[in-house]
Protein chains: 2
Amino acid sequence: MPERKPRADAARNREAVLEAADRLIANRDRPAQVTMADIAAAAGVGKGTLFRGFGDRTGLIHALFEARLEPVRQAVTEGPHPLGPATPPRERALALLDALLCFKLDHRHLSLALEEAASDSPYGAAHYDWWHATLSGVLERLPGFTGSDFAAHALLAAVRADLVDHLAGRQQLSRERLRAQLADFAGRVLGGPAPDGATGGAVSAGGAGPH
Amino acid sequence: MPERKPRADAARNREAVLEAADRLIANRDRPAQVTMADIAAAAGVGKGTLFRGFGDRTGLIHALFEARLEPVRQAVTEGPHPLGPATPPRERALALLDALLCFKLDHRHLSLALEEAASDSPYGAAHYDWWHATLSGVLERLPGFTGSDFAAHALLAAVRADLVDHLAGRQQLSRERLRAQLADFAGRVLGGPAPDGATGGAVSAGGAGPH
DNA sequence: GCTTAAGCGGACCCTCGGTCCGTATAGTCG
DNA sequence: CGACTATACGGACCGAGGGTCCGCTTAAGC
């Protein structure tokens, strides 16, 4: 295959851009306020470099999001107990949702930016499909559970970035309270026995986790 | 109060603009493709008239949405059986969600436009607060139901325009199938007895309803 | 060191939301 | 019915921001 490895300065610049974008988005409170020119300036590169490396604004945000999400994804596909594949379905579904919620709380602005940058809504973005497939697959393994496809969509909708932002930011709902509410809600959807405690999921990298 | 009634031509133009916007949004498949200039041209007025009458793009879409939603709102606040206030909580909650889903299906592009036009996410828009307050209030009357505030948010998230659009449009899920799935999901959240049939809610105006 | 192609960057372009102000007219009063 | 004025019209204009282009720079192989 024609995979050519990029020049050293290109790689360095790519990192600088991602880092600058992350910082800018995290600091301004409306992600739309961060312009491509801002990012280029903050990273110390020209606009051309941004667009050559990422295609367009959506591509840049997407790449950044993907990079930050990677640890969580890893924890889900091959990680240890609560998130990993060995966990029994009910508990794992709750852990997945909790981890996703924590991630969105920890990367509030970035997640928000991703949703509003998505040219055609979050749906159709690769990472959404992945979450949906994963969650849906887990639900399917719950004995007697039906409609797992729609249920997965609906549960994921409950942790959408703008809703999370609205509740945590505008309405000052604390992290713990939010997690508890979500667990309560999800538990009801999954049916079966009430959980005997907090789910405690979430990966440590990037600050995600109970905090 | 200084409520002056508008000049006749102003009122006529206002209607023309709403009508043109509705038509354009419904026909193009990405609402963002419809520009303010397009709408002005289609309505046979100048851009100035648009902005004078509605403030900005968000205001225009909002006004249009509000106008189309009015019948549903009416049916909820003072209408007859399934949607009206006299209905027992569980059934009414299901009817509300079903009506909202039907509305979003019937006004897919408009709802989509509203969500992506909202300067700061759907949350914080007046109509969302109204739906949330209403649904949350209904849930509260369910005996033994807890966390109705969050549950209302989560349930409303399940019928967000872009998700509905994704399922109905991109994934070709039929109207009836979608309604059944939602009813199933919501039923699980509400707990209690399984419903004995379709909820059948939705107002007739504007084409909303079982179809 | 020399060559070369990968990479750089910022001037430039275009679209689109939003503004402004000179002109036209609906509504009113004598 | 004609004059007067507040209201509204509309399109030229503006600024911002995403995205492009091309002459210059420089890393990397020989």
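The chains referred to below are lettered A, B, ... by the order of the sequence lines, with proteins before strands, and numbering in each begins at 1. Any value given below was found using the heavy atoms of this structure, including those in side chains, with hydrogens, waters and symmetry copies removed.
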May I have all residue pairs that pass salt bridge (charged side-chain N to carboxylate O under 4.0 Å, His left out) and include part of residues 34-47 of chain B, sequence neighbours excluded? B:R28-B:D38
Give every pair of a protein N or O atom and an N or O atom of nucleotides 7-10 of chain C that lie under 3.5 Å apart, one pair per line with the distance.
unit_1: C:dG7; atom_1: OP1; unit_2: A:R7; atom_2: N; d: 3.3
unit_1: C:dC8; atom_1: OP1; unit_2: A:N13; atom_2: ND2; d: 2.5
unit_1: C:dC8; atom_1: OP2; unit_2: A:R52; atom_2: NH1; d: 2.9
unit_1: C:dG9; atom_1: OP2; unit_2: A:G46; atom_2: N; d: 3.3
unit_1: C:dG9; atom_1: OP2; unit_2: A:T49; atom_2: OG1; d: 3.4
unit_1: C:dG9; atom_1: N7; unit_2: A:R52; atom_2: NH2; d: 3.3
unit_1: C:dG10; atom_1: O6; unit_2: A:G48; atom_2: N; d: 3.2

Can you tell me the distance, in whole Å, between the CD atom of B:Q33 and the P atom of C:dC14? 20 Å
Are the charged groups of A:R160 and B:D162 less than 4.0 angstrom apart, N to O? yes
Whole angstroms only, please: what is the CZ-C1' distance between A:R12 and D:dT26? 11 Å
Atom CZ of B:R57 to atom P of C:dT15: distance rounded to whole Å? 17 Å
Looking only at side-chain N and O atoms, does B:Y128 offer a donor or acceptor that is under 3.5 Å from a partner on B:H153? yes
On DNA chain C, compare the nucleotides closest to B:A8 and B:G55; which residue's is nearer the 5' end? B:G55
A:D38 CG - D:dA16 C1' separation (whole Å): 11 Å
Could you check how far CG of B:L50 sits from C1' of C:dG18, rounded to whole Å? 11 Å
Give the rounded distance in Å between these two atoms: CD1 of B:I39 and C1' of D:dG10. 16 Å
Could you pull out all donor-acceptor pairs under 3.5 Å where a side-chain atom in residues 8-23 of chain A meets a protein atom, sequence neighbours excluded?
unit_1: A:D9; atom_1: OD1; unit_2: A:R7; atom_2: NE; d: 3.3
unit_1: A:D9; atom_1: OD2; unit_2: A:R7; atom_2: NH2; d: 3.0
unit_1: A:R14; atom_1: NH1; unit_2: A:G53; atom_2: O; d: 3.3
unit_1: A:D22; atom_1: OD2; unit_2: A:R68; atom_2: NE; d: 2.7
unit_1: A:D22; atom_1: OD2; unit_2: A:R68; atom_2: NH2; d: 2.8

Pair A:R175 + A:D106: basic N to acidic O under 4.0 Å: yes
A:F54 has an atom CZ; how far is it from atom P of D:dT20, in whole Å? 15 Å
Here the distance between atom P of D:dG15 and atom CE of B:M36, to the nearest Å, is 20 Å
Within 45° of the six-membered ring axis of B:F145 and under 6.0 Å from that ring's centre, is NZ or CZ of A:R188 located there? yes
